[in-house]
Amino acid sequence: MHCNLGSFLQTLTKRNDLVEIEAPVDPHLEIAEIHRRVIAAQGPALLFKKVKGKSFPVVTNLFGSPERVNQAFGKEPANFIREIAKLPEDLLPPSFSKIWDKRNFFYKASKIGLKTDNKAPVLSETIQNADLTQLPALTSWPKDGGPFLTLPLVHTQSKTAAKADNLGIYRVQIFKSNEAGMHFQIGKGGGFHLHESEVLGQNLPANIYLGGPPALMLSAIAPLPENVPELMLASLLLQGKLSQGKLETPNIAPIAECEFAILGSIPANIRKPEGPFGDHYGYYSLKHNYPIFIPEKIYHRKNAIFPATIVGKPRQEDYYLGDYIQELLSPLFPLVMPAVEGLWSYGQTGYHCLSVARLKERYQRESMMSVFRILGEGQLSLTKFLIALDKPCDLKDFKSVLKQVLARVDWRKDLFIFSELSMDSLDYSGPKINEGSKGVMLGFGEPIRELPSEFRGTEIPNFIKSIKPYCPGCLVVEVPSYSENQDCVKEISSWSGFKDWPLIVAVDSAERACQSDTSFLWTTFTRFEPAQDIHPASCQIFRHKLMYEGPITIDARMKSWYPEELFCDPDTKKRVSDRWNEYFPNKNVEMGSSDWAHL
């Protein structure tokens, strides 16, 4: 396991999976566009050695493939998690022989924790006046509000829970040399810590780390329960104690092996406009008021390398990390939620937009107990749409999941829509930021219908431009834009020619939506809100339950209030195309499409 970023980069170099770029590059838009084209072609990690106007090199695309993720973390963490999941089965009822058999496990567990390093590498040098503008922060998209730290590990401590630590990745916008925006979204630990501090009328001390052990970066995105410290997960992944530097000041002790450590505080009750920012949903998140961060000291290693990531349309680095963390933690789901036999969230939708769960159904509607448990569990509570089934199925294969559920769903009793709830801050399909609804669709038991695979209708409503089957039981129909005819989708489910198709998705472009599973998932689930955009053939109320009649139509068109889809600007696009052989004179790196990514 790599103890710092340098160790990981050495491994990538030996595997010819890191390319050094000697040509001067601009942190404003150019680096990001190079990165996007490389990851779209499933290319290597990139080390930009000459960043215009900055003293530090930049590395990106560290985790942009399954192979690099495996190189970063290895197999031992997954084996250790599986051992934890089996402990109740292996140790109960307890006996000396059972405990003795697990002695290697307990020895590994004894090495987990924190320790002090009196010669912490991160404390080797400082940036004068704690000037944030000395960092090579990237501007990724043309309408971004400015340069951002895109891979910052924000470390805070609770004021009330025995100083419990939180480590999260929250984007940081550099406003000026001594001030930055801190994007604390709802439902995240750093925001909870700030709330505690503001109740007490106190500022919140905070550190921002850049780089460090890959395990530290992974832990920062892990969906751990509140007050379960991410630093302990990092230590577990490292299979050893996590080192912290020793300070003479009351700041939080920084992680010793980071490349940079920015020490400072978040003032209580101050909010300033932050954004826009091209986000991992594939659209801009807009300008809103968020807390600010005031730096006090910036430390860095000797010869520090600045790590960054770029987000946008799937698949980007966050996709590969997100899938790995799901695989890593999946053995624990049945331990904390015994009736949940499998759970998967789709990175193609930004994760929070769609999850699928395989649930036990040992008595009538037991599944709904698990549904509410999932929707009440940490970051899973931000899930917008949850599909649940009980038969064995590869949950990563969405077509198989959808086919199984559509053959079984009874719209009268198996579709639930919950309105007036909180929503992920980056999802703008609801009426306001952080507000929206959730949907739950069940497909249990034996099939109740045969699913059509081919559309044979001849006469169709004249406003429908194109029809394409996505999978058996699901049609994609192209209709006029929302601005042209916002109500046309309400007529689709009642048209007799669609009566055999349980699900219809109305889109702006059927051809684009059906190009791939990734494109269908991204188009459908990032562009609809259950309470507003699900239209049945008919609906009635029975015992305070809305009972729907199919087909069900989902309106997945771009709406007038949605932020823009992310595209590179023409000037940067041309500059990167013209300079490609200058970046890669050995012509060993393929150029992909940043506009389409993996759609």
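- Rounding to the nearest 0.5 Å gives a distance of 13.5 Å between OG1 of T150 and NE2 of H280.
- Under 3.5 Å, the side chains of H352 and T383 contain no donor-acceptor pair of N or O atoms.
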Side chain to side chain donor-acceptor pair (under 3.5 Å) evaluation trace for S265 with N203 | CA-CA 7 Å; S265 65; N203 297 341; 4.8 Å; no
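- For the pair R358 and W344, the cation-pi test (distance below 6.0 Å, angle within 45°) is failed.
- Checked by atom type and distance alone, the side chain of E259 never pairs as donor or acceptor with a backbone atom of G211 at under 3.5 Å.
- Using a 4.0 Å cut-off between a side-chain N of Lys or Arg and a carboxylate O of Asp or Glu, K246 and D117 do not qualify as a salt bridge.
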Stepwise side-chain contact (heavy atoms from CB on, under 4.5 Å) test for F584 and I34 = CA-CA 11 Å; F584 307 108; I34 298 167; 4.1 Å; yes
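- Ring geometry for F148 versus F277: interplanar angle of 30 to 60°, hence tilted.
- In this structure, F520 and D517 have side chains that are not in contact, with every pair of non-hydrogen atoms separated by 4.5 Å or more.
- Across every non-hydrogen atom of A253 and L247, the tightest pair is CA-CD1, 4.1 Å.
- Using a 4.0 Å cut-off between charged side-chain N and carboxylate O, D17 and R68 make a salt bridge.
- Summarising the geometry of A261 relative to Y209, their closest heavy-atom pair is CB-CD2, 4.0 Å, with the distance given to 0.1 Å.
- By the 30° and 60° cut-offs, the orientation of the rings of Y283 relative to W522 is parallel.
- A distance of 9.0 Å separates CG of L5 from CG of L12, quoted to the nearest 0.5 Å.
- Not a single donor-acceptor pair under 3.5 Å links the side chain of E30 to the backbone N or O of P27.
- Checking side-chain atoms of T349 against main-chain N and O of Y346 turns up a donor-acceptor pair under 3.5 Å.
- In summary, the side chains of T139 and D144 do not present any donor paired with an acceptor at a separation below 3.5 Å, with no hydrogens or angles considered.
- Looking at S381, its side chain never comes within 3.5 Å of a backbone N or O of E377 through a donor-acceptor pair.
- Annotation: side chain of T156 is not in contact with side chain of D165 (no heavy-atom distance under 4.5 Å).
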Could you walk me through whether N207 and I262 pass side-chain contact (heavy atoms from CB on, under 4.5 Å), step by step?
-> CA-CA 6 Å; N207 290 354; I262 309 170; over 6 Å; no
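- Between L218 and I325 the shortest side-chain heavy-atom distance falls below 4.5 Å.
- Between F385 and S355 there is no side-chain heavy-atom pair separated by less than 4.5 Å.
- Crowding of K115 atom NZ: a count of heavy atoms from other residues, nucleotides or ligands under 6.0 Å not exceeding 12.
- At a cut-off of 3.5 Å, with distance as the only test, no side-chain donor of H155 or N166 sits close to an acceptor on the other residue.
- Under 4.0 Å is where a charged nitrogen must lie from a carboxylate oxygen, and between E196 and K159 no such pair does.
- In terms of heavy atoms, L426 sits closest to D279 at CD2-OD2, 3.2 Å.
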Identify all side-chain donor-acceptor contacts of residues 306-318 below 3.5 Å with residues at least two apart in sequence or on another chain.
| residue | atom | partner | partner atom | Å |
| --- | --- | --- | --- | --- |
| T309 | OG1 | E317 | OE1 | 2.7 |
| K313 | NZ | E565 | OE2 | 3.1 |
| K313 | NZ | L566 | O | 2.7 |
| K313 | NZ | D595 | O | 2.7 |
| Q316 | NE2 | K313 | O | 2.9 |
| E317 | OE1 | N61 | N | 3.2 |
| E317 | OE2 | L62 | N | 2.8 |
| E317 | OE2 | F63 | N | 2.8 |

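- The distance from the CG atom of L135 to the CG atom of L210 is 7.0 Å, given to the nearest 0.5 Å.
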Could you go step by step and tell me if D424 and Y351 meet the side chain to side chain donor-acceptor pair (under 3.5 Å) rule?
-> CA-CA 10 Å; D424 182 26; Y351 289 105; over 6 Å; no
May I have the step-by-step check of side-chain contact (heavy atoms from CB on, under 4.5 Å) for I252 and L263, ending in yes or no?
-> CA-CA 8 Å; I252 300 172; L263 280 56; over 6 Å; no
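- The heavy-atom pair separating T126 from H300 by the smallest distance is O-NE2, 3.9 Å.
- The backbone N or O of E67 sits nowhere less than 3.5 Å from a side-chain atom of N70 that would complete a donor-acceptor pair.
- The backbone N or O of V336 lies less than 3.5 Å from a partner atom in the side chain of R373, making a donor-acceptor pair.
- Within the 3.5 Å criterion, the main-chain N or O of S516 finds no donor-acceptor partner in the side chain of S519.
- The closest donor-acceptor contact from the side chain of D26 to the backbone of H28 lies under 3.5 Å.
- Contact annotation: the side chain of L238 never approaches that of F73 to less than 4.5 Å [non-hydrogen atoms, C-beta and beyond].
- Summarising the geometry, atom CD belonging to Q244 is positioned 11.0 Å from atom CG belonging to L123; distances are rounded to the nearest 0.5 Å.
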Before giving the answer on salt bridge (charged side-chain N to carboxylate O under 4.0 Å, His left out), spell out for R301 and E257 the whole-Å C-alpha distance, their side-chain angles and the decisive distance to 0.1 Å.
-> CA-CA 8 Å; R301 304 174 72 101; E257 291 287 350; 2.8 Å; yes
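- Minimum heavy-atom separation, G113 to S235: N-OG, 2.9 Å.
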Stepwise side chain to side chain donor-acceptor pair (under 3.5 Å) check, E33 with S594 = CA-CA 7 Å; E33 177 64 5; S594 75; 3.0 Å; yes
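- Distance check: C258 SG to L216 CG gives 5.5 Å after rounding to the nearest 0.5 Å.
- Between V58 and I305, the closest side-chain pair of non-hydrogen atoms is not below 4.5 Å.
- The number of heavy-atom neighbours closer than 6.0 Å to NZ of K241, taken from other residues, nucleotides and ligands shown, is above 12.
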Which side-chain N or O atoms in residues 182-190 pair as donor and acceptor under 3.5 Å with protein atoms at least two apart or in another chain?
| residue | atom | partner | partner atom | Å |
| --- | --- | --- | --- | --- |
| H183 | NE2 | R171 | NH2 | 3.2 |
| H183 | NE2 | Y290 | OH | 3.3 |

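- At a threshold of 4.5 Å between non-hydrogen side-chain atoms, the residues P223 and L380 do not count as touching.
- Put simply, the side chain of P254 does not reach to within 4.5 Å of the side chain of Y299, judged on heavy atoms.
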Take F260 and F56 through the ring pair (Phe, Tyr, Trp, His ring centres under 6.0 Å) test and state the conclusion after the steps.
-> CA-CA 11 Å; F260 297 83; F56 302 101; 4.9 Å; yes
Criterion side-chain contact (heavy atoms from CB on, under 4.5 Å) on K49 and L47, from CA distance to verdict | CA-CA 6 Å; K49 300 187 75 173; L47 179 60; 4.2 Å; yes
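- Nearest heavy atom pair, residue K438 against residue S422, reads NZ-O, 3.7 Å.
- A side-chain donor-acceptor contact under 3.5 Å links S219 to the backbone of A234.
- With rounding to the nearest 0.5 Å, the separation of OG in S243 from CD1 in I255 is 8.5 Å.
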